[in-house]
There are 2 protein chains.
Amino acid sequence: MRSREAILAQAVGLASVEGLEGLSLGKLATATGTSKSGFFAHWRDKEQLQLDAIEWAVRQWTEQVVAPALRAPAGVRRLFALHESRLRFYRQGVLPGRCFFFTVQTEFDDRPGPVRDRVAQAMGDWQTFIRRLVAEAKARGELLDGVDDAQLAYEVDALGERVISHIRLYDGPVVLVHARRAVLQRLRALCPDPTLLPED
Amino acid sequence: MRSREAILAQAVGLASVEGLEGLSLGKLATATGTSKSGFFAHWRDKEQLQLDAIEWAVRQWTEQVVAPALRAPAGVRRLFALHESRLRFYRQGVLPGRCFFFTVQTEFDDRPGPVRDRVAQAMGDWQTFIRRLVAEAKARGELLDGVDDAQLAYEVDALGERVISHIRLYDGPVVLVHARRAVLQRLRALCPDPTLLPED
DNA sequence: TACATTAACGACCGATCGTTTGTATATATG
DNA sequence: CATATATACAAACGATCGGTCGTTAATGTA
């Protein structure tokens, strides 16, 4: 059998394009070279496979987006590094649909059940993480005291997320420049020390 | 028969939640009180109904979001009015899924065909429209000359669009405050005349 | 060799999908 | 009144879906 991990990797890739529900077991079977019924030896039903795929995607996001940002010095530089790390993940096309969570969250946000709950928790964790980086930067005096944590976290997230739709519907790379500069200029306007961030 | 318009209105509402493909003819039939096969007297196939639904949604968006903004004075005030008009559309819950185009564009952005082409064109028109308002504001000296039209248009759009996911996955109204303040602060920072925009 | 266990499979099930077909009804026209 | 046309319908079709079942092949153990 193809290893469980390889199947999940395929599932996350396909789901980043078609969604977790649009991903049919038949397509996943032929894509991984196995049979449809072979899945049920590893997963109770489709929902369990969806939940495991989410877990796999969370791990991938943590390793490839969050971890690199944590190697930057704490403060506003780390916050901007997180934004750039995310844009790099999109630019490199790690997933064929660019972002698993973007596709899945719009698919399940009004479909109650365990899958939606898990997605909501993952997105909440992400938002909380950005907010914590903002708070850290503020505590180090690298952002003006008046900054609202949740407010700035929303802006950073929004300016990064919209990249997906643009990159898929229009051309591509130019929107990455816009997304990068938007956050950079915003942070520079709030940061007392202009040497901490690149000029452009 | 229920009028063609009423069916399209229902279709747009349902598609704002489930998507245009997830919207099944059977559900649409029972939701409108007609029979499944009755549709084929009005629409050749499902794709034609999808295209007409898009047309209906474009008209709704033009009337309820674009038109009110055009009643504001040209320049930076009109640009901000467009943002607020969009947020009002979301806050009032005109559509059960909040935004038809958000759902549909993530559904079709990598599924080639006439539906995708029409969606891409509508989104392109929207982006072009925002860019034109930015250019107008600049021409009137209400925005700094250094402002890049496409750059600022991207920011305004991104900060408005992310509202949808947040409002559906977490609580609700607070994200509308974030979205409004994000654009307001950004525009105030670029506008030489501080009296043109509200303080908060 | 004999036997238990496991992984993977082909075949099939009921449900739902978009679509086609034939038909009943209502309206308009001569 | 007779007839033609438009409108909506129920019923059924083939395809595809998630899921079940019984079987086969491989492996480990005695």
Side-chain angles (χ1 to χ4, degrees), chain A residues 1-56 103-104 107-108 110-119, chain B residues 1-56 97 103-104 107-108 110-116 118-119:
Chain A
M1 91 169 191
R2 302 284 291 256
S3 86
R4 214 186 97 103
E5 288 295 306
I7 291 180
L8 284 178
Q10 264 284 345
V12 169
L14 285 178
S16 75
V17 177
E18 312 260 10
L20 269 177
E21 202 67 29
L23 164 69
S24 91
L25 295 185
K27 289 177 189 169
L28 184 54
T30 57
T32 56
T34 61
S35 77
K36 210 172 51 163
S37 50
F39 284 118
F40 295 92
H42 302 277
W43 293 280
R44 182 164 17 93
D45 52 16
K46 187 180 184 180
E47 184 177 282
Q48 190 57 53
L49 185 135
Q50 290 173 329
L51 290 171
D52 286 357
I54 294 174
E55 233 53 48
W56 196 94
T103 304
V104 167
E107 190 184 10
F108 277 90
D110 27 33
R111 195 179 310 201
V115 175
R116 185 211 129 105
D117 295 345
R118 185 64 188 89
V119 170
Chain B
M1 89 168 191
R2 303 282 292 254
S3 84
R4 215 186 96 104
E5 287 297 306
I7 292 181
L8 284 177
Q10 265 283 346
V12 169
L14 285 178
S16 75
V17 177
E18 312 260 10
L20 270 177
E21 202 67 29
L23 164 68
S24 90
L25 294 185
K27 289 177 189 169
L28 184 54
T30 58
T32 56
T34 61
S35 77
K36 211 170 50 162
S37 50
F39 284 119
F40 295 90
H42 301 278
W43 293 278
R44 184 166 13 97
D45 53 15
K46 187 180 185 180
E47 185 178 280
Q48 190 57 53
L49 185 136
Q50 291 173 330
L51 289 171
D52 286 357
I54 294 174
E55 231 54 46
W56 195 95
T103 304
V104 167
E107 189 185 12
F108 277 90
D110 26 33
R111 192 179 313 200
V115 176
R116 185 212 128 104
R118 184 65 187 89
V119 170

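In what follows, every heavy atom counts, from backbone to side chain, and hydrogens, waters and symmetry copies are set aside. Order of the sequence lines sets the chain letters (A, B, ...), proteins ahead of strands, with each chain counted from 1.
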Does Ser16(B) have any side-chain contact (heavy atoms from CB on, under 4.5 Å) partners at least two apart in sequence or in another chain, and if so, which? Leu95(B), Pro96(B), Phe100(B)

Using the test salt bridge (Lys or Arg N to Asp or Glu O under 4.0 Å), find all partners of Arg116(B) that sit at least two apart in sequence or belong to another chain. none

Write down the distance between CZ (Phe39(B)) and C1' (dA6(D)), rounded to a whole number of angstrom. 18 Å

Quick one: Ile7(B) CD1 to dT7(D) P, roughly how many Å, whole number? 13 Å

Please report the distance, rounded to the nearest Å, between CZ in Arg4(B) and C1' in dA6(D). 16 Å

Reading 5' to 3' through nucleotides 15-20 of chain D, protein heavy-atom contacts under 4.0 Å coded B for base, S for sugar-phosphate only, - for none: --SBBB

Sorted by chain and residue number, the salt bridge (Lys or Arg N to Asp or Glu O under 4.0 Å) partners of Asp45(B) (sequence neighbours excluded) come out as none

Mind checking salt bridge (Lys or Arg N to Asp or Glu O under 4.0 Å) for Glu47(B) and listing every partner two or more places apart, or none if nothing turns up? none

Glu107(A): which residues meet the side chain to side chain donor-acceptor pair (under 3.5 Å) condition with it, sequence neighbours left out? none

